Visitor: 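Input: one structure, supplied below.
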Number of protein chains: 2
Amino acid sequence: MDVDTRLLRSFLAVAEEGSLTRAAERVFVSQPALTKQVRQLETLLGVRLFDRSRAGMALTGPGRELARLAPRVLTAWEDALRATHTAQRQAARVLRVGFLASAANEATQEIVAAFARRRPGWRTELRQAAWSNPSAGLATGDVDAALLRLPFPGQDALRVEPLFSEPRWIALPSTHRLAACDTIAFRDLWDEPFVAAPADTGSWRDHWLAADEREGHPVRIGAVTEQPDDWLNAIANGYGIALAPRSAARFYARPGVVYRPVTGVSPTQVGVAWAPADDHHPVVQDFVHCCLDTARPT
Amino acid sequence: MDVDTRLLRSFLAVAEEGSLTRAAERVFVSQPALTKQVRQLETLLGVRLFDRSRAGMALTGPGRELARLAPRVLTAWEDALRATHTAQRQAARVLRVGFLASAANEATQEIVAAFARRRPGWRTELRQAAWSNPSAGLATGDVDAALLRLPFPGQDALRVEPLFSEPRWIALPSTHRLAACDTIAFRDLWDEPFVAAPADTGSWRDHWLAADEREGHPVRIGAVTEQPDDWLNAIANGYGIALAPRSAARFYARPGVVYRPVTGVSPTQVGVAWAPADDHHPVVQDFVHCCLDTARPT
DNA sequence: GACATCCATTCCAGCAGGTTATAGGTGCAG
DNA sequence: CTGCACCTATAACCTGCTGGAATGGATGTC
């Protein structure tokens, strides 16, 4: 008895939403298509999975059982998928490196070049991650190594080597009252609204709000963004200001946004991270050494 | 990224057979269809899974990785399927009872009737299993309880209550030189070819060959059968003789086959079995009690 | 040189799956 | 009561995937 995982995903969406109409939006198909998919799954199993009513779709007992176990099928498939892709990269001599916007900046090129010298025949595949994914895909095995800003959530489960540190500056809309200053004291910004990363990034978000360096003063959030582009827009449009590494002034220059040095906040660190499973993976370790050599030349 | 489990099954078949042509026979599709399925999986993943050659299909590195993990996806799905069906039966008040051909015989009807009295509203679904499946589906969760001949392989992982015992007789082709005898000594049959159960049924097969009661005398196998019908045919056609419970003489009477009492072999036991997980399942336990009450009336 | 044995390709028929539009209940507000 | 909002189910239609049979092409064998 065979299923398409799509049927399971649709089923779970309906089960969670309790409504075909809403689930249809979530999985990006029309409502009649979902009706058919659910019915198809039901005929395949020979089991009624939902009680239909005008109010929506409610799981039956057997439906609950399936809703409990179907996610395992999906994760088993995702695992298989990931492992296959990892093996593929290995065979194709591709090292996947995740990075957050503005992580290593100019150092990145040097690191990649150094790695190319050390491992001729290997290619690096750089993959930029959204801020909602502060381990840049390392936690899920989507990349082999990552260049990150420290600290980040989930750091304890990974290996991390700090590479260098960089002062934090502040990004302001050019119309801001303080935009004219050469240098700004952080305490003068405590009451300003900030553009923040999504809440689920935890300590990483707090770091960029300098939550620990406000002497208990509360943070005002003016906007939440997931990507550099949105972030720049939010600042330019005056929704708030944001701390940023100094290098952002070069890499994320943009009309309407100015960067100024800030006193009273600690610098930020860039690190390279990898999965413990790769502690003895020669290629990954070579990459890590390239990072260290580039950042702290001996 | 969604897959149909059929693709995974096909992929595994090709991986195991090392040949599209052979795998195609095994999964009952044409060879071109398999060619397409494999290619489809490869394009879906963006990974070459096989090295093609005139000799056949050899897994690549990533292919091996997928072959390692794909079975987990399939078993996860089978688990989900089973759990859903189990819940379905529960909701529909159906108790599935597996039995081997000739297990409880006339007692079966009484047991079912007693259960119907004890649990009005519940239905029993009797499911006859092939001899290649001596736990009658209990080991795989396909049934809730089973009426079996003891001992059977895998018995230790299940709960078993013996119900009654019955002398073993011998089934002979009516043309057999001993068919005329009223009673036969088992030692006179040591050199006869026997019709046996498949080899993978282990101790169950041995029990019906009375392997332990031949004083070391080797067993001759005349035929291997999986089902009562084949078994009767094999005996009637003279491929061999076979031990059988006495009640088989009534339930499996057939021209060309005669049953005779045998001296020198121990009786056979019938038992009811259930999964340890159902030790406190009220309905399963009710069924077990019905079995015990019917077999050993107090 | 004929043959066997692989996998790949082509062509065709059938159906599964999607979409839009619409029907058919039911609760709620005016 | 009526119109509306919100469900799910159905109808009609179209596209493209999928599988089967036949065939091709490469290669090793007798």
Side-chain angles (χ1 to χ4, degrees), chain A residues 1-64 66-67 70 73-74 77, chain B residues 1-64 66-67 70 74 77 81:
Chain A
M1 181 126 39
D2 290 309
V3 238
D4 195 312
T5 54
R6 185 172 30 85
L7 285 188
L8 297 182
R9 269 185 239 285
S10 301
F11 163 74
L12 287 174
V14 176
E16 283 161 24
E17 295 289 342
S19 148
L20 280 176
T21 317
R22 275 195 305 275
E25 289 174 14
R26 187 165 123 186
V27 298
F28 303 108
V29 294
S30 67
Q31 170 261 314
L34 259 197
T35 299
K36 280 198 219 174
Q37 289 188 3
V38 170
R39 200 196 309 288
Q40 185 184 344
L41 192 57
E42 287 182 328
T43 20
L44 177 73
L45 298 173
V47 172
R48 201 162 45 78
L49 298 170
F50 291 99
D51 287 321
R52 277 89 162 156
S53 73
R54 67 212 164 286
M57 311 274 284
L59 283 172
T60 61
R64 262 194 303 282
L66 185 60
V73 181
L74 298 181
W77 168 237
Chain B
M1 183 129 35
D2 290 309
V3 240
D4 195 313
T5 54
R6 186 172 30 86
L7 285 188
L8 297 182
R9 271 185 238 285
S10 301
F11 162 75
L12 287 174
V14 176
E16 282 162 24
E17 296 289 342
S19 149
L20 280 175
T21 317
R22 275 195 306 275
E25 289 173 14
R26 186 165 124 185
V27 299
F28 303 107
V29 294
S30 67
Q31 170 260 314
L34 258 197
T35 299
K36 281 192 220 172
Q37 288 188 3
V38 170
R39 200 196 309 287
Q40 184 186 344
L41 192 57
E42 286 182 328
T43 31
L44 176 74
L45 299 173
V47 172
R48 202 163 45 77
L49 297 170
F50 291 99
D51 288 321
R52 275 88 164 159
S53 73
R54 64 202 167 293
M57 311 275 283
L59 283 172
T60 62
R64 261 194 304 282
L66 184 60
L74 298 181
W77 169 237
L81 203 54

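Chain naming here is simple, since letters A, B, ... match the order of the sequence lines and numbering starts at 1 in each. Being a predicted model, the structure only gives us computed values, none of them experimental.
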Visitor: Reckon Arg39(B) has a side-chain N or O less than 4.0 Å from the OP1 or OP2 of dT9(C)?
Guide: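 It does, given that an N or O in the side chain of Arg39(B) lies less than 4.0 Å from OP1 or OP2 of dT9(C).
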
Visitor: If I compare all heavy atoms of Leu34(B) with all of Ala24(B), which pair ends up nearest, and what's the gap?
Guide: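 So the minimum-distance heavy-atom pair works out to CD1-N, 3.3 Å.
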
Visitor: Is there a side-chain contact (heavy atoms from CB on, under 4.5 Å) between Leu8(A) and Trp77(B) once you walk through the steps?
Guide: CA-CA 10 Å; Leu8(A) 297 182; Trp77(B) 169 237; 3.8 Å; yes

Visitor: Given dA8(C), is OP1 or OP2 found less than 4.0 Å from the side-chain N or O atoms of Arg52(B)?
Guide: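 For Arg52(B), the contact criterion (side-chain N or O under 4.0 Å from OP1 or OP2 of dA8(C)) is met.
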
Visitor: Using atom CG of Leu20(B) as one end and atom P of dG19(D) as the other, report the distance to the nearest whole Å.
Guide: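 My rounded result for the distance is 13 Å.
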
Visitor: Tell me whether the OP1 or OP2 atom of dG17(C) has a side-chain N or O from Gln40(A) closer than 4.0 Å.
Guide: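 For dG17(C), OP1/OP2 do have a side-chain N/O of Gln40(A) under 4.0 Å.
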
Visitor: To the nearest 0.5 Å, how far apart are CD in Gln40(A) and CG in Asp4(A)?
Guide: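 Gln40(A) atom CD to Asp4(A) atom CG measures 8.5 Å (nearest 0.5 Å).
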
Visitor: Does a side-chain N or O from Ser19(A) land closer than 4.0 Å to OP1 or OP2 of dC6(D), or not?
Guide: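 No, Ser19(A) has no side-chain N/O under 4.0 Å of OP1/OP2 on dC6(D).
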
Visitor: To the nearest Å, give me how far apart NZ (Lys36(A)) and P (dC15(C)) are.
Guide: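 Going from Lys36(A) (NZ) to dC15(C) (P), I get 14 Å.
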
Visitor: Look at the side chain of Arg22(A) and decide which nucleotide, out of dC7(D), dT19(C), dC11(C), has an atom nearest to it.
Guide: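 Within the option list, the nearest is dC7(D).
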
Visitor: Just the rounded figure in Å: distance from C1' of dC7(D) to CZ of Phe50(A).
Guide: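 Nearest whole value for this atom pair: 15 Å.
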
Visitor: Between dT8(D) and Ser53(A), is there an OP1 or OP2 to side-chain N/O distance shorter than 4.0 Å?
Guide: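 Looking at the OP1 and OP2 atoms of dT8(D), neither is under 4.0 Å from any side-chain N or O of Ser53(A).
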
Visitor: Starting from P on dG18(C), measure out to CZ on Arg6(A) and report it in whole angstrom.
Guide: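 Arg6(A) atom CZ is separated from dG18(C) atom P by 5 Å.
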
Visitor: Could you state the CG-C1' distance from Asp2(A) to dT18(D), rounded to the nearest angstrom?
Guide: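 For the pair Asp2(A) CG and dT18(D) C1', the rounded distance is 14 Å.
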
Visitor: Look at Ser30(A) and dT19(C) and indicate whether a side-chain polar atom (N or O) is within less than 4.0 Å of OP1 or OP2.
Guide: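 Answer is yes, contact under 4.0 Å.
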
Visitor: Which of these nucleotides, dT18(D), dT9(C), dG20(D), is closest to any side-chain atom of Pro32(B)?
Guide: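 Of all the options, the side chain of Pro32(B) is nearest to dT9(C).
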
Visitor: Nearest to the side chain of Gln31(B), which nucleotide is it out of dG19(D), dA8(C), dA9(D)?
Guide: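 Minimum distance to the Gln31(B) side chain belongs to dA8(C).
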
Visitor: Between dC7(C) atom P and Glu17(B) atom CD, what is the distance in whole Å?
Guide: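 In whole Å, dC7(C) P lies 11 Å from Glu17(B) CD.
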
Visitor: Please give, in whole Å, the distance from dC17(D) C1' to Leu34(B) CG?
Guide: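 My rounded result for the distance is 16 Å.
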
Visitor: If we ignore hydrogens and angles and just use 3.5 Å, is the side chain of Glu42(A) paired with the main-chain N or O of Leu49(A) as donor and acceptor?
Guide: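 Checked: pair present.
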
Visitor: Just how far, in rounded Å, is P of dA8(C) from CG of Asp51(B)?
Guide: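 Roughly 12 Å, once rounded to whole Å.
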
Visitor: Looking only at side-chain atoms of Thr35(A), point me to the closest of dC6(C), dT10(D), dC7(D).
Guide: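 The closest nucleotide is dT10(D).
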
Visitor: Distance check, rounded to the nearest 0.5 Å: Glu16(B) atom CD versus Leu59(B) atom CG?
Guide: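 If we round to the nearest 0.5 Å, Glu16(B):CD and Leu59(B):CG are 9.5 Å apart.
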
